[in-house]
Amino acid sequence: MKLDKLVGERFKERPSDCVVDSHALMVKGGYMKRVANGIFSMNPPLKRVTKKIENIIRYEMDRIDGQEVLFPVVLPAGLWEESGRYESVGSELLRFRDRSDAPMLLGMTHEEAAVHLVKEFGNTHNRYPFMIYQIQTKFRDEARPRAGLIRVREFTMKDAYSFHLTQEDLEAYYEECLEAYNRIFKRAGIPETITVASDAGMMGGKVAHEFMLPTPIGEDYLAICSHCDYTANMEVAQTIVKNASVPMEALTKVHTPNAKTIEEVCTFLGSDVKQSCKAVVYQKNVDDSYVIVFTRGDMDVNEIKLKNYLGEEVYPAIITEESGIVAGFIGPVNFAGNATLLFDISLEGIDSLVIGANEVDYHSTGFNVERDYGEVTYVDLSKILENGICPKCGQETIQLSRGIEVGNIFQLGTKYTESMNMTYTDENGDVKYPIMGCYGIGVGRLAASVAEAHHDDYGPIWPITIAPWEVHLCCLRSDDAETKDFADNLYKAMKDEGIEVIYDDRQVRPGFMFSDADLLGVPVRVVVSPRNLKESVVEISTRDKAIQMKVPTDRVMHEIKGLIEELYKEANRI
RNA sequence: CGGAGUGUGGCUCAGCUUGGUAGAGCGUUGCGUUCGGGACGCAAAAGUCGCAGGUUCAAAUCCUGUCACUCCGACCA
């Protein structure tokens with residue numbers, strides 16, 4: 001490929017709307033162009049990158065006996081009505097009607113389609129286990145796309161679905177898939193990726209893991225133990241609190257004018273935030289009834305845990321006069337409103353607390369839950385803290401980090417097979433539901449994540465496994481006949497050898513040329529110039545500058561091939 | 001869906017406060033000089049100032065509405 005014909009416009013300046021580096025570099029480098037909010041077209045360089053990522057994924061999925069299939073993008077609503085998700089999923093599912101007014105939808109995930117495809121095939125136990133996967137466009141009408149390819153509305157995803165006779169078999173396969181995923185991320189150039197326990201969300205099921213690339217621009221928060229191997233999404237990280245023992249005191253009402261927040265109250269009273277009790281109010285989506293969570297003053301409510309505990313959706317409350325809730329002064333004692341009161345685990349063992357008195361400008365001190373309120377069940381509803389206690393090793397070694405979710409795996413159980421009535425007959429003639437697992441990787445997001453993790457000020461630094469080309473050939477001074485001739489021949493020779501090469505023979509200044517080369521991030525750069533030819537050498541370097549050498553002109557092909565081989569070997573080392 | 005901000009040639013932006021009918025740099029086209037980290041000179045093309053109303057003799061500028069984008073939050077495999 002010659003660079004002067006490469007489709008896509010590159011820019012000198014960083015595009016103003018781009019906040020994260022991977023987004024900025026991809027727009028600046030002509031990798032993609034925005035079409036609509038969260039919807040992009042890909043130019044050849046990015047298409048080449050994602051194609052290579054897809055092929056790595058294919059290789060690894062096939063290696064664990066996956067069979068590639070293809071489901072439709074457009075699905076009839078009826079299929080999703082079977083599983084109940086046509087109703088339960090919100091407006092991120094794009095629903096529309098076809099010409100005969102039949103309700104349709106754009107696939108955002110394909111459990112229903114997968115079950116539909118193999119329902120008959122899977123009617124006998126002889127055929128299990130098996131896994132099918134596809135690499136295909138998904139559409140999710142996200143409320144807020146952001147960060148280029150990190151969160152988009154339309155994207156390519158590899159989604160896989162496995163079917164098993166027993167939970168043990170699912171678990172064994174789940175492990176295999178987890179390992180395959182780790183190989184994929186390593187080979188694609190982000191060996192930094194870690195596996196964390198996660199919430200199953202709308203997918204259903206109990207056990208789930210996410211593959212996270214730790215980075216400050218990530219959207220998820222992770223709890224990582226620096227002492228043992230515990231890792232979890234903060235959504236599910238178990239909070240453990242050890243409270244210092246404090247002397248019991250009598251429950252005493254005190255005047256706290258204008259002190260509404262925990263900080264204000266504790267400052268006013270001169271008390272420790274850790275001995276205060278914070279009330280956070282929610283309402284249930286289903287009937288708007290109130291739920292109040294009491295936590296220790298320094299803790300925050302983890303809404304995912306709350307939703308999972310209640311088994312239903314909640315939203316931050318709008319507190320009305322009629323509710324009987326005195327905002328800013330809420331406490332468990334003499335609570336007059338109508339609400340479900342929950343006590344977070346962080347309050348357990350504190351014998352004396354500052355609480356709201358349910359009266360404007362009054363709090364109470366010396367609150368003891370058991371003595372003044374009664375026996376309660378403490379529930380884990382709060383977010384784990386930095387330097388919190390690790391649920392696995394018990395040390396105070398939890399570190400919080402942000403991460404991009406590049407993949408996920410779920411043990412689904414029989415949620416879809418039951419709702420869609422997919423059954424098999426076992427060896428005893430009994431009819432049973434198969435057990436499912438599902439496994440996803442966002443291809444574009446993975447490409448963006450690699451760029452995010454590996455770039456410099458001038459552009460992405462692609463690993464050779466997914467780079468748009470293997471070699472970037474620069475001919476400086478193509479107006480010089482001898483130089484041009486040599487470069488042309490080298491270009492042809494590389495193509496003949498099957499090397500993927502992008503050739504820049506434009507009559508532009510060297511700096512201009514190198515800037516474009518940096519933006520394309522191709523791992524091997526070869527520079528042919530009059531200056532080099534005078535010494536009978538050609539310059540070969542890597543994009544990351546780890547290797548920079550001058551090789552004799554008669555050994556150029558040999559050296560290039562050797563370097564490429566070396567880079568592949570390094571990148572594929574598992 | 002709430003809060004904040006921004007919309008001016010392909011890109012990055014100035015002009016708006018205090019209305020007088022549009023500018024710069026980059027990029028593009030042509031010619032010439034240059035040539036190892038985004039060169040320079042000359043010439044040229046390119047914008048109904050997001051859109052729609054309104055105020056005014058006159059609107060990029062003031063007012064109203066609307067749309068789009070970015071950020072924060074809510075939401076979210």
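Atom set for the values below is all heavy atoms of this structure, side chains included, hydrogens, waters and symmetry mates excluded. To find a chain, count down the sequence lines: A is the first, B the second, and so on, and within it residues start at 1.
Closest approach of A/T414 and A/P434 over heavy atoms only: CG2-O, 3.4 Å.
With a cut-off of 3.5 Å on both pairing distances, B/G19 has no Watson-Crick or G-U wobble partner at all. Base-pair partner of B/G47: not found among the strands shown (Watson-Crick or G-U wobble, both distances under 3.5 Å). With a cut-off of 3.5 Å on both Watson-Crick or G-U wobble distances, the partner of B/A39 is given as B/U33. Nucleotide B/G73 forms a Watson-Crick or G-U wobble pair with B/C1, both donor-acceptor distances falling under 3.5 Å. The partner of B/C11 is B/G25, judged by Watson-Crick or G-U wobble contacts that both fall below 3.5 Å. Summarising the base pairing, B/G53 is matched to B/C63 through a Watson-Crick or G-U wobble pair whose two defining distances lie under 3.5 Å. Taking a pair to require two hydrogen-bonding distances under 3.5 Å in either a Watson-Crick or a G-U wobble arrangement, B/A68 pairs with B/U6.
A/E210 has its CD atom 11 Å from the C1' atom of B/C76, to the nearest Å. Taking atom CD1 on A/I39 and atom P on B/A68, their separation rounds to 13 Å, with Å as the unit. Atom CD in A/E9 sits roughly 7 Å away from atom C1' in B/C11 (whole-Å rounding). Computed from coordinates, the A/R144 CZ to B/A74 C1' distance equals 10 Å when rounded to whole Å. Residue A/R402 contributes atom CZ, which lies 8 Å from atom P of B/C72 at whole-angstrom precision. Atom pair A/F514:CZ and B/C35:P shows a separation of 15 Å (rounding to whole Å applied). If you measure from atom CE of A/M108 to atom C1' of B/C75, you get 11 Å, rounded to the nearest angstrom. The NZ atom of A/K28 sits 16 Å away from the P atom of B/C26 (whole-angstrom rounding).
Among the heavy atoms of the strands, none lies under 4.0 Å from A/L93. Nucleic acid contact for A/E539: base, since at least one base atom lies under 4.0 Å from a heavy atom of the residue. As judged by a 4.0 angstrom heavy-atom cut-off over every strand, A/Q507 is placed among residues making no nucleic acid contact. Residue contacts for A/R506: at a heavy-atom cut-off of 4.0 Å it reaches no nucleic acid atom on any strand shown. A/D479 comes within 4.0 angstrom of a base, heavy atoms only. Note on A/R151: a base of the nucleic acid sits closer than 4.0 angstrom, heavy atoms only. Counting non-hydrogen atoms under 4.0 angstrom, A/M157 reaches a base of the nucleic acid.
As rounded to the nearest Å, B/U64 and B/U6 have P atoms that lie 15 Å from one another. Comparing the same atom, P, in B/G9 and in B/A60 gives a spacing of 14 Å after rounding to whole Å. On the P atoms, B/U8 is 14 Å away from B/C69, given to the nearest whole Å. B/U61 and B/A74 are spaced 37 Å apart, taking the P atom of each and rounding to whole Å. Straight-line distance between the P atoms of B/U33 and B/A14: roughly 39 Å, to the nearest whole Å. B/A46 and B/G65 have their C1' atoms separated by 31 Å, given to the nearest Å. Comparing the P positions of B/C11 and B/G27 gives an interatomic distance of 15 Å, to the nearest angstrom. Between B/C72 and B/C13, the distance separating the two C1' atoms is 25 Å to the nearest Å.
For A/R477, counting side-chain heavy atoms from C-beta on, the closest listed nucleotide (B/C69, B/C35, B/U70) is B/C35. For A/N37, the listed nucleotide lying nearest its side chain is B/U70; candidates were B/C76, B/G38, B/U70. Looking at the side chain of A/F11, the nearest of the listed nucleotides B/C69, B/C11, B/C35 is B/C11. Between B/U70, B/G38, B/G37, one nucleotide has an atom nearer to the side chain of A/D516 than all others, and that is B/G38.
For the pair A/R445 and A/F155, the NZ or CZ position fails the cation-pi test of under 6.0 Å to the six-membered ring centre and within 45 degrees of the ring normal.
Taking the nucleotide of RNA chain B with the nearest heavy atom to each of A/M513 and A/V20, the more 5' of the two is matched to A/M513. If you find the closest nucleotide of RNA chain B to A/A147 and to A/V508, the one lying nearer the 5' end belongs to A/V508.
Taking 4.0 Å as the cut-off between side-chain N and carboxylate O, A/K2 and A/D504 do not count as a salt-bridged pair. For the pair A/R153 and A/E92, the salt-bridge criterion is not met [side-chain N within less than 4.0 Å of a carboxylate O].
The closest donor-acceptor contact from the side chain of A/D505 to the backbone of A/Q507 lies at 3.5 Å or more, if one exists at all.
OP1 or OP2 of B/A39 lies within a sub-4.0 Å distance of a side-chain N or O belonging to A/R509.
A/F211 and A/F185 have their aromatic ring centers within a separation under 6.0 angstrom.
Judged by distance alone with a 3.5 Å cut-off, no donor-acceptor contact links the side chain of A/R146 to the base of B/U70.
A side-chain donor from one of A/S382 and A/D344 sits under 3.5 Å from a side-chain acceptor of the other. For A/E539 and A/N532, the side-chain atoms include at least one donor-acceptor pair closer than 3.5 Å.
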